[in-house]
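Beneath this line is the structure, given in structure tokens, with notes to follow.
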Amino acid sequence: MNAVTKLRKAMRLILVGPPGSGKGTQSGRLLSHFQMSAISSGDLLRENIREKTPLGLEAEKIIRDGGLVADDIMVGLIIGELSKRGWVESRSNLSSGVTVSGAMEMLGGTPKTTRLQACEAPSSSFLLDGFPRTKCQAKRLDEQVHMNFVVNLDVPSDVILERIAGRMVHVPSGRVYNTGWNPPRVPGIDDVTGEPLTRRPDDCPEAFAHRLKVYYESTFPLLEHYDKVGLLWTVKGNSSDEITPVLDEEILKRFG
Ligand code: AMP
């Protein structure tokens with residue numbers, strides 16, 4: 001696929017997959033294949049940590065230890081971002097609503113109770129990478145925005161562990177390398193800027209094993225939830241290259 005394809009129907013996709021399953025890679029490829037945008041909850045949190053916001057300070061230790069940031073904070077953070085980008089709008093004619101005060105307060109904003117409606121223009125298509133991660137987050141999101149496709153990346157654990165062992169990142173740009181199959185031209189150096197690459201603190205073996213355990217415990221109920229409401233679609237593969245064409249085809253079938 002060369003040109004960016006316009007979708008005929010607004011797609012609101014949730015990308016689910018264990019850490020190291022290639023969510024970031026698939027997300028980047030979808031953005032270059034289809035007219036759509038993306039939000040990564042992990043990137044948003046890391047941005048807050050870099051900028052030392054109150055939320056970032058709160059989240060830093062949790063992330064370093066491989067735990068999960070509180071549902072209230074995450075829901076507020078993501079809903080706030082969706083509104084900021086104009087992909088959802090408030091529905092003034094509805095009275096009851098969901099409080100998104102947690103993160104708004106921590107971000108220094110005004111706590112408010114609001115209900116939202118997704119923008120149906122196909123150009124407002126977006127994907128969420130890393131959110132929701134728990135059934136509670138999913139239900140809170142459902143109350144606010146009707147998501148219409150949930151993709152579960154099913155990658156075997158041994159493949160994931162091998163990937164993580166070699167993962168290096170260029171933090172300012174988010175470029176990800178792998179010492180095994182996608183190495184930088186000069187070891188430890190970003191190809192584009194010549195700046196040093198680092199390992200994510202939460203990629204150390206102990207924290208990663210914990211992250212994987214937390215992921216499976218919290219995600220199983222999430223997948224069950226989306227299966228029940230008929231939105232779940234699972235794609236299996238050992239590599240991102242194997243998964244991308246199957247995923248692209250499914251998106252075209254549903255939204256093209
Ligand atoms: P990721 O880049 O998606 O692997 O996320 C990195 C870390 O950010 C995770 O290990 C969690 O600590 C935190 N995080 C990201 N998304 C969420 C979420 N939806 N709920 C709770 N914690 C999250």
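When a residue number appears, it is its place in the shown sequence, counting from 1. For ligands, and for the atoms within them, numbers begin at 1 and follow the listed sequence.
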Salt bridge present between [X] and [Y] (N-O < 4.0 angstrom):
X	Y	result
D248	K253	no
R254	E250	yes
D71	R133	no
E81	K84	yes
D190	R175	yes

Query raised in the report: Do S125 and Q35 meet the criterion of a side-chain donor-acceptor pair at a distance under 3.5 Å?
Result: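 The answer is no; no qualifying pair exists.
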Query raised in the report: Between N48 and T53, is any side-chain donor less than 3.5 angstrom from a side-chain acceptor?
Result: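 Side-chain D/A pair, N48 to T53: present.
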Protein contact to [atom] [nearest heavy atom, distance to 0.1 Å]:
atom	answer
atom 19 (N) of ligand 1	G130 O, 2.9 Å
atom 3 (O) of ligand 1	R133 NH2, 3.1 Å
atom 13 (C) of ligand 1	L45 CD1, 3.5 Å
atom 22 (N) of ligand 1	V69 N, 3.1 Å
atom 12 (O) of ligand 1	G67 O, 2.5 Å
atom 20 (N) of ligand 1	Q137 NE2, 2.9 Å
atom 16 (N) of ligand 1	S41 OG, 2.7 Å
atom 4 (O) of ligand 1	R211 NH2, 3.1 Å

Query raised in the report: Should you measure from each heavy atom of M74, which atoms of ligand 1 turn up under 4.0 Å away?
Result: 16 (N), 17 (C), 18 (C), 19 (N), 20 (N), 21 (C)
Report summary line: In ligand 1, the atoms that come under 4.0 Å of a heavy atom of R46 are 2 (O), 6 (C)
Report task. Sorted by first residue and then second, give each side-chain hydrogen bond (donor to acceptor under 3.5 Å, both in side chains) pair with at least one member in residues 218-229; sequence neighbours left out. Result ->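 Checked against side-chain hydrogen bond (donor to acceptor under 3.5 Å, both in side chains) - neighbours excluded - the pairs reaching residues 218-229 are D142-H225.
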Requested in this report: Using non-hydrogen atoms of the residue, decide whether R200 is closer than 4.0 angstrom to ligand 1.
Outcome: yes
